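What follows is a set of notes on a single structure, which appears directly below.
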Amino acid sequence: MLYGSYDFGQIEKKWQDYWLANKTFRTPDGSDADAAGKPKYYVLDMFPYPSGAGLHVGHPEGYTASDIVARFKRMKGFNVLHPIGWDAFGLPAEQYAVQTGTHPAATTQKNIANMRRQIQALGFSYDWDRQVDTTDIGYYKWTQWIFLKFFNSWFDDAQQKARPIEELPIPDEIKAQGDEAVRNYIDSQRLAYESHAPVNWCPALGTVLANEEVVGGVSERGGHPVIRKPMRQWMLRITKFAERLLDGLDELDWTESIKKLQQDWIGKSVGAEVDFVIATEGTENTERNKIRVFTTRPDTLFGATYMVMAPEHKLVDEITTPEYKDAVKRYRDEAARKSDLDRTDMSKDKTGQFTGAYAINPVNGEKIPIWISDYVLISYGTGAIMSVPAHDERDFEFAKKFDLPIIQVVRPDDPELAKEAAAERLCFSGDGTAINSGQFDGLSTPEFKKKITMWLQEQGLGQKAVNYKLRDWLFSRQRYWGEPFPILHAEGGRVFAMDESELPLGLPEMADYKPTDTGAPPLAKATDWVNVTLPDGSKARRETNTMPQWAGSCWYYLRYTDPKNDNVAFDPEKEKYWLPVDLYIGGAEHAVLHLLYSRFWHKLLYDLGYVASPEPFKKLVNQGMILGEDNQKMSKSRGNVINPDAVIEEYGADSMRLYEMFMGPLEATKPWSMQGVEGVHRFLGKAWRMVVDTETGELNAAVQEAVADEETTRLLHQTIKKVAGDIEGFGFNTAISQMMIFVNHLTRQSVRPKSVIETFVLLLSPFAPHIAEELWQRLGHSESLAYAPWPTFDEALCKENEIELAVQVLGKIKDKIVVPADADEAAIRQTAMASEKVQAALDGKTPKKIIVIKSRLVNIVV
RNA sequence: GCCGGAGUGGCGGAAUGGCAGACGCGCGGGAUUCAAAAUCCCGUCCUGGCAACAGGGUGUGGGUUCAAGUCCCACCUCCGGUACCA
């Protein structure tokens with residue numbers, strides 16, 4: 001290579017080393033003198049998993065965007081926190097351990113080292129002193145500590161907040177039953193609790209999965225079948241926070257679509273709970289012999305012609321009449337055997353079984369049959385429904401299949417629909433007018449809902465009720481490579497937590513990481529670790545489940561504020577200074593899982609007074625997916641994967657960064673193009689030659705101490721304005737195109753004022769920091785430009801002196817005129833009318849109206 | 001099914017309701033060179049025309065407006081998410 005040419009390899013290495021050696025991006029805390037007078041800005045990237053495959057081109061997209069903002073904000077005088085770390089627990093390292101016996105920690109550290117190298121090769125301005133690693137015992141000590149906070153808290157429904165378990169009021173009747181009852185009561189209120197319900201067991205992964213991790217009956221990761229299996233599991237009571245997780249969304253600057261995904265996941269429904277008395281001969285009318293249902297359409301009660309209970313419902317055995325016992329048992333066994341996948345597959349064809357029992361419809365006294373069917377879910381509402389086949393698609397299908405009566409109680413306003421519905425050719429589930437509903441006839445659906453809910457309440461038949469789709473979070477996994485629970489099981493079966501002072505509880509060393517045949521977690525085999533003798537001499541066993549991968553990522557953004565503190569998870573002063581995160585960039589795949597879980601943890605910590613902010617992430621931006629050059633999702637099997645290392649090798653990190661931003665809008669899905677990389681690379685080469693003489697390596701002779709001409713000054717100011725505005729608005733692609741326009745202009749000038757060049761270098765620096773630093777140095781600066789003040793622009797200097805206006809006649813462009821920028825309407829009108837082409841187009845007609853949009857166009861209407 | 005998002009040149013994309021196609025890629029032509037690479041200059045939405053120019057054009061069909069890629073209504077296609085939540 002010629003001396004002085006754009007040797008990106010050498011330049012990038014030089015500046016990466018410089019930044020690291022000088023700790024250029026060390027971030028002072030709020031109390032630090034270096035932060036004095038500066039407003040804070042927290043830019044966060046989503047927590048990467050250090051996979052063996054390393055970075056893919058999707059990672060640097062978000063990272064580059066956040067890095068541009070971080071560098072920009074620093075230059076704007078903000079104290080910027082821009083950290084990175086590793087979400088390092090998880091399956092791949094463990095699977096590798098099972099196969100090879102290599103300790104997952106070894107695999108993890110190797111992967112971290114590789115990914116760190118890759119990330120550093122892109123020149124991101126992270127404060128490496130704040131790096132965190134969830135598998136570091138100094139980190140997961142505090143993950144365990146937060147778990148203890150869940151375990152040692154209860155949710156006060158009246159105050160809608162979590163409170164320490166010591167503050168839990170114990171009802172007198174519980175106290176009267178003795179210590180064990182009190183203990184059981186307390187355990188039943190904890191926000192972390194054990195459950196024995198059927199869970200999503202994935203045999204292939206050898207672990208259970210949270211509802212959110214099961215998609216369409218198969219595991220989200222790997223697509224393995226999932227079956228329902230009763231197992232002892234740890235749960236977190238996220239459902240208690242449903243309302244607040246919903247409310248909190250309002251104040252967040254997130255895209256509406258992500259908010260909607262969370263809203264839908266939480267799935268709030270307002271309706272009524274209604275009791276149906278069982279009417280079978282011989283059964284007594286007691287509390288137990290009522291079936292409670294939840295409905296969002298209490299206005300359709302008069303149309304309830306049968307009931308359906310989930311096969312798992314507690315009352316099924318009790319109400320089933322002798323002649324139906326066998327059939328019911330058969331159906332329940334079948335339903336229990338079905339995997340989730342089978343259940344979903346059946347959505348088209350409904351199955352069910354009559355129980356022989358009847359209930360009384362409370363509004364009209366009708367005796368209606370009680371069925372069981374697996375289209376009713378035990379886990380939602382009360383596990384039983386009233387069926388209104390005329391106005392619910394599912395009930396309609398079921399009624400058609402089993403020939404159950406259909407009664408119209410809502411008349412659609414559309415007569416065509418009404419006719420079809422009356423003929424039972426379709427099921428109408430919208431709002432309309434009440435019919436066949438006794439004294440309520442004629443009411444509109446919303447009115448009816450209100451009235452009947454009140455009526456039910458007055459009659460003692462039911463009350464208003466709210467239900468959520470959100471379920472409690474299944475928080476345990478049967479894996480080795482995760483945080484151990486700080487929980488002990490005493491010989492008598494009593495479960496208790498370790499004391500905070502006893503943390504951390506480290507993972508034991510093991511030779512064999514294989515899951516056991518019994519479904520017991522691998523940790524069960526570490527007998528030395530599992531079996532504990534308590535101070536009083538009694539024996540206990542440690543919990544052998546581990547936490548899911550989400551645990552560590554639920555609070556990492558807090559640890560960044562105080563990553564090395566061994567006494568607390570994070571200093572509250574530091575949290576108060578840095579939080580909330582001002583900008584969070586990452587993939588949309590975390591829309592419900594990670595983002596909901598971490599909001600949940602944050603709210604617990606908020607209630608208990610550990611954080612001052614009710615929401616962790618103020619603004620969220622999702623980067624889009626990058627497709628392969630063939631417009632397909634990148635995948636090994638398609639052979640269209642782009643390796644960032646190879647791109648950096650060939651074109652350099654600055655070109656890589658610039659291209660990722662130039663491809664299109666950050667949020668859009670867009671295909672990769674190597675020629676596109678080539679294009680931005682050419683731009684950087686051009687910018688380099690604009691400043692540097694490639695023969696000598698000295699400054700280009702055109703770069704002189706000179707005053708910029710008017711046009712250059714104007715373009716410079718326009719460029720400063722555009723680049724800054726576009727960074728703030730995440731329009732990185734258009735910021736780059738403006739810089740290209742600027743370079744195209746300036747390279748044509750034989751004199752390039754040094755001050756103009758310097759300003760340009762500063763504008764370029766957040767995007768392509770290595771080349772910018774190098775040029776900055778060659779322009780005679782001894783200090784890094786990382787904290788150089790961001791250039792300012794003068795609005796007056798952005799303005800053109802003369803502007804070209806289009807002149808339309810009836811909306812069609814006929815001519816273009818040039819007028820002074822400050823020309824008034826009358827003058828513009830006159831110039832426009834003076835145009836020969838306009839006159840020709842008018843063809844003698846008199847203008848009816850002349851619309852003048854200053855600086856845009858003139859439209860003449862005839 | 002339902003819920004989001006998006007449809008603009010050969011391609012990626014740009015356009016506070018105001019000149020559609022900025023910028024980049026690709027392509028064509030030229031300069032430089034012994035030649036090539038690199039670089040620089042010119043051209044490049046479609047149709048007709050040597051040209052000036054004329055006409056058409058932002059998924060489809062309507063509408064609002066002096067003016068629509070942009071706003072409204074109906075529809076089509078693609079991508080992403082979701083799955084009996086009563």
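The structure displayed is predicted, hence computed values, not measured ones. So that the names make sense, note that chain A is the first sequence line, chain B the second, and so on, each numbered from 1.
For Lys686(A) and G24(B), the NZ to C1' distance is 11 Å, given to the nearest whole Å. Computed from coordinates, the Phe732(A) CZ to G24(B) C1' distance equals 18 Å when rounded to whole Å. Distance CG (Asn700(A)) to P (U39(B)): 16 Å, rounded to an integer number of Å. Distance Met625(A) CE to C78(B) P: 17 Å, rounded to the nearest Å. Between Ile385(A) atom CD1 and C84(B) atom C1' there is a gap of 9 Å when expressed in whole angstrom units. Atom CD in Gln675(A) sits about 6 Å away from atom C1' in G26(B), given to the nearest Å. Per the geometry, CG belonging to Leu593(A) stands 13 Å off C1' belonging to U82(B), to the nearest Å. Summarising the geometry, the separation between CD on Gln632(A) and C1' on C79(B) is reported as 12 Å, rounded to the nearest angstrom.
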Exercise for the section: Report, as a single string ordered 5' to 3', how protein heavy atoms within less than 4.0 Å touch nucleotides 8-22 of chain B: B base, S sugar-phosphate only, - not at all. Expected result: ----BSS-B-BBS-B
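Checked against the 6.0 Å centroid threshold, Tyr651(A) and Tyr659(A) do not count as a close aromatic pair.
Nucleic acid contact class of Ser673(A) (heavy atoms, under 4.0 Å, all strands): none. Across all strands shown, Gly679(A) has heavy atoms under 4.0 Å from sugar-phosphate atoms exclusively, and none from any base.
Side-chain N/O atoms of Asp472(A) and Thr239(A) include a donor and acceptor closer than 3.5 Å. A donor-acceptor pair shorter than 3.5 Å can be found between the side chains of Asn744(A) and Lys686(A).
Applying the side chain to side chain donor-acceptor pair (under 3.5 Å) definition to pairs two or more places apart or across chains, those involving residues 660-671 of chain A are Glu61(A)-Lys670(A).
Lys350(A) contributes a side-chain N or O that forms a donor-acceptor pair with the base of C84(B) under 3.5 Å.
Between A14(B) and G21(B), the two C1' atoms lie 7 Å apart (nearest whole Å). On the P atoms, C66(B) is 23 Å away from G61(B), given to the nearest whole Å. Taking atom P on both G57(B) and C2(B), the two are 34 Å apart, rounded to the nearest angstrom. Taking the C1' atoms as reference points, G43(B) lies 37 Å from C76(B), given to the whole Å. Nucleotides U44(B) and C34(B) place their C1' atoms 32 Å apart, quoted to the nearest Å. Separating the P atom of C73(B) from that of A20(B) is a span of 26 Å, rounded to the nearest Å. Nucleotides C27(B) and C11(B) are separated by 11 Å at their C1' atoms, to the nearest Å. Nucleotides U70(B) and A51(B) have their P atoms positioned 33 Å apart, rounded to a whole Å.
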Handout entry: Bracket notation of RNA chain B in which parentheses pair within the strand, [ ] cross earlier pairs, and | pairs with another strand (Watson-Crick or G-U, under 3.5 Å)
Key = (((((((..(((.....[....)))((((((.......))))))((((....))))..(((((..]....))))))))))))....
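When each of Lys260(A) and Gly381(A) is assigned the nucleotide of RNA chain B with its nearest heavy atom, Lys260(A) is the one assigned upstream, toward the 5' end. Comparing Thr296(A) and Val592(A) along RNA chain B, the residue whose closest nucleotide (by nearest heavy atom) sits nearer the 5' end is Val592(A).
Every residue meeting the side-chain contact (heavy atoms from CB on, under 4.5 Å) condition with Glu825(A), not counting sequence neighbours, appears here in chain and number order: Arg829(A), Val852(A). Looking at residues two or more places apart in sequence or on another chain, you find a salt bridge (Lys or Arg N to Asp or Glu O under 4.0 Å) between Arg425(A) and Glu420(A). For Glu243(A), the salt bridge (Lys or Arg N to Asp or Glu O under 4.0 Å) partners are Lys268(A), not counting sequence neighbours. Residues satisfying the ring pair (Phe, Tyr, Trp, His ring centres under 6.0 Å) test with His745(A), not counting sequence neighbours, are none. The salt bridge (Lys or Arg N to Asp or Glu O under 4.0 Å) search around Arg714(A) returns Glu710(A), Glu800(A), not counting sequence neighbours. Ser429(A) meets the side-chain contact (heavy atoms from CB on, under 4.5 Å) test with no other residue; sequence neighbours excluded. Among residues two or more places apart in sequence or in another chain, the ring pair (Phe, Tyr, Trp, His ring centres under 6.0 Å) test is passed with Phe294(A) by none. Residues passing the salt bridge (Lys or Arg N to Asp or Glu O under 4.0 Å) test with Lys721(A), sequence neighbours excluded: Glu795(A).
Using a 4.0 Å cut-off, no side-chain N or O of Arg682(A) falls inside it from OP1 or OP2 of A38(B). OP1 or OP2 of G56(B) lies within a sub-4.0 Å distance of a side-chain N or O belonging to Lys812(A).
Contacts between residues 742-752 of chain A and RNA chain B, counted as heavy-atom distances below 4.0 Å, involve Asn744(A), Arg748(A).
For the pairing with Leu461(A), the side chain to side chain contact (heavy atoms under 4.5 Å, CB included) check across Leu456(A), Val363(A), Asp275(A) returns one residue only, Leu456(A).
In G9(B) the O4'-C1'-N dihedral to the base is within 90° of 0, which defines a syn nucleotide.
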